[in-house]
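Heads up: the structure comes next, in structure tokens.
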Amino acid sequence: MCRHTAYLGPPCSLADLLLNRPHALLRQSWAPCDMRGGGTVNADGFGAGWFPGTDADPVRYRRAIPLWTDGNFAALAGTITSGAVLAAIRSATVGMPINETACAPFTWDRWLFSHNGRITGWPDSVAKLAAEPPITDILTLEAPTDSALLFAVLRHRIRSGTPPADALAGLVTEVAAAAPGSRLNLLLTDGETVLATTWTHGLSVLAGDDSVVVASEPWDDDPAWTEVPDRHLVLATRSGVRLRHLDT
């Protein structure tokens, strides 16, 4: 499965957040610690999204190659700083395309989104769910993947007025009911709040005085990292973290 990381806090370089830590996404791309039977490496692409300013929409960089092979990103990452970042590395589900448009983060308005996992029984198990957004949203999916569909349904619900935390929690429990055995660790941010779910795959949180990191795996051995229990929703800001159980 994939790995992802979100950061809110004082501006840091993308290199510091994603490449230079002892167990940052760069290392996780070829030596992940906790795939839970969902693959061995994350070599099917990567992406990084960041907010260049308080009122600016997010900027995104994606490639369909392993993170460790992209020298251009390594050079750029040291020059880009942001106080809000979401990045992911990809281990593609069998049968799904390997191209840039299939790589997280997905974007809409102020939101960045990533999915670590897979939907079982795809696509039949979620055909009813796919009928919920306007047909134009489905026809213009960035990629024919479970992750892209999840984001289309999520943004439709947010656009329709459902609070983002409720939209994320409801989506996970509905998909889990329709497709038992699915892996549904979702990550969403608007640059001010990070929302995340644990459903089968692990997730950890590192909270500081004015920063928070939500990640598939800790990026170092700091004892302050806290593992999030399975089947929980994380609501994180620069000032604190709350957890909510995901009811089925």
_Residue pair Thr162 / Ala167: nearest heavy atoms and the distance that separates them_ = CG2-N, 3.6 Å
*Could you pull out the closest heavy-atom pair between Pro97 and Arg90, with the gap in Å?*
O-NH1, 2.7 Å
_Arg60 (side chain) donor-acceptor with Pro105 (main chain) under 3.5 angstrom_ = yes
*Using 30° and 60° as the class limits, which term best fits the ring planes of Trp225 and Trp219: parallel, tilted or perpendicular?*
perpendicular
_Ile89 reachable from Ile98 in the ILVMFWY side-chain graph, under 4.5 Å edges_ = no
*In plain terms, say whether Arg110 and Glu192 are close enough for a salt bridge, that is, a side-chain N and a carboxylate O under 4.0 Å apart.*
no
*Considering only NZ, NE, NH1 and NH2 on the basic side and carboxylate oxygens on the acidic side, decide whether Arg62 and Glu142 come within less than 4.0 Å.*
yes
*asked:* Just so I know, are the side chains of Val172 and Leu154 near enough to count as touching, which here means a heavy-atom distance under 4.5 Å?
replied: no
*Can you name the nearest heavy-atom pair linking Phe51 to Asp57, along with the distance?*
CD2-C, 4.4 Å
*Identify the heavy atoms of Asp247 and Thr173 that sit nearest to each other, and give their distance.*
O-CG2, 2.8 Å
*Can you label the angle between the Phe106 ring and the Phe113 ring as parallel, tilted or perpendicular, going by 30° and 60°?*
tilted
*Determine whether Leu243 and Val228 make a side-chain contact, defined as any pair of heavy atoms from C-beta on separated by less than 4.5 Å.*
yes
*asked:* Taking His201's backbone N and O only, do any of them form a donor-acceptor pair with Asn185's side chain (distance below 3.5 Å, no angle check)?
replied: yes
*Compare every heavy atom of Leu246 with every heavy atom of Thr198, then report the nearest pair and how far apart it is.*
O-CD1, 4.0 Å
*Minimum heavy-atom distance between Val126 and Leu149, given as atom pair plus value*: CG2-CD2, 3.8 Å
*asked:* Keeping Asp146 on the side-chain end and Ile119 on the backbone end, is there a donor-acceptor pair under 3.5 Å?
replied: yes
*Looking at Val85, Leu187, Val214, Val213, which one forms a side chain to side chain contact (heavy atoms under 4.5 Å, CB included) with Thr5?*
Val213
_Assess the residue pair Val241 and Leu235 against the criterion (side chain to side chain contact (heavy atoms under 4.5 Å, CB included)); give the C-alpha distance rounded to whole Å, side-chain angles, the decisive distance to 0.1 Å, and a yes or no._
CA-CA 6 Å; Val241 178; Leu235 304 94; over 6 Å; no
*Backbone of Arg183 reached by a side-chain donor or acceptor of His115 within 3.5 Å*: yes
*Using 4.0 Å as the upper bound for N to carboxylate O, is an ion pair formed by Arg63 and Asp70?*
yes
*Neighbour count >12 (heavy atoms, 6.0 Å) for atom CG, Asp109*: yes
_Side chains of Thr189 and Trp111 in contact at under 4.5 Å (non-hydrogen atoms)_ = no
*Looking only at atom types and distance, does a side-chain atom of Thr197 sit under 3.5 Å from a main-chain N or O of Leu186, one as donor and one as acceptor?*
yes
_Side-chain heavy-atom pair Leu203, Val234 within 4.5 angstrom cut-off_ = yes
*Is the backbone N or O of Arg238 less than 3.5 Å from a side-chain atom of Ser211, with the two atoms forming a donor-acceptor pair by type?*
no
*Can you list every pair that meets side chain to side chain donor-acceptor pair (under 3.5 Å) and has a residue in residues 7-19, with sequence neighbours left out?*
Asp16-Arg21
_Trace of the side chain to side chain contact (heavy atoms under 4.5 Å, CB included) decision for Leu150 with Val175_ = CA-CA 9 Å; Leu150 287 172; Val175 173; 3.8 Å; yes
_Any side-chain heavy-atom pair of Leu86 and Ser114 under 4.5 Å_ = yes
*Is the backbone N or O of Ala148 less than 3.5 Å from a side-chain atom of Thr145, with the two atoms forming a donor-acceptor pair by type?*
yes
*Is any side-chain heavy atom of Asp137 closer than 4.5 Å to a side-chain heavy atom of Arg159?*
yes
*Quick one: OG1 on Thr200 to CZ on Arg118, what's the gap to the nearest 0.5 Å?*
10.5 Å
_Polar side-chain atom of Thr237 near backbone of Ser239 as donor-acceptor pair, under 3.5 Å_ = yes
_Heavy-atom check, side chain of Pro218 versus side chain of Ser204, under 4.5 Å_ = yes
*Could you tell me whether the side chain of Asp220 and the main chain of Pro22 form a donor-acceptor pair under 3.5 Å?*
no
_Please check: side-chain N/O of Glu217 versus main-chain N/O of His23, any donor-acceptor pairing under 3.5 Å?_
no
*Got a second to check how far Ile158's CD1 is from Leu171's CG, nearest 0.5 Å?*
9.5 Å
*Would you list the pairs meeting side chain to side chain donor-acceptor pair (under 3.5 Å) in which at least one residue belongs to residues 121-133, sequence neighbours left out?*
Glu132-Arg157
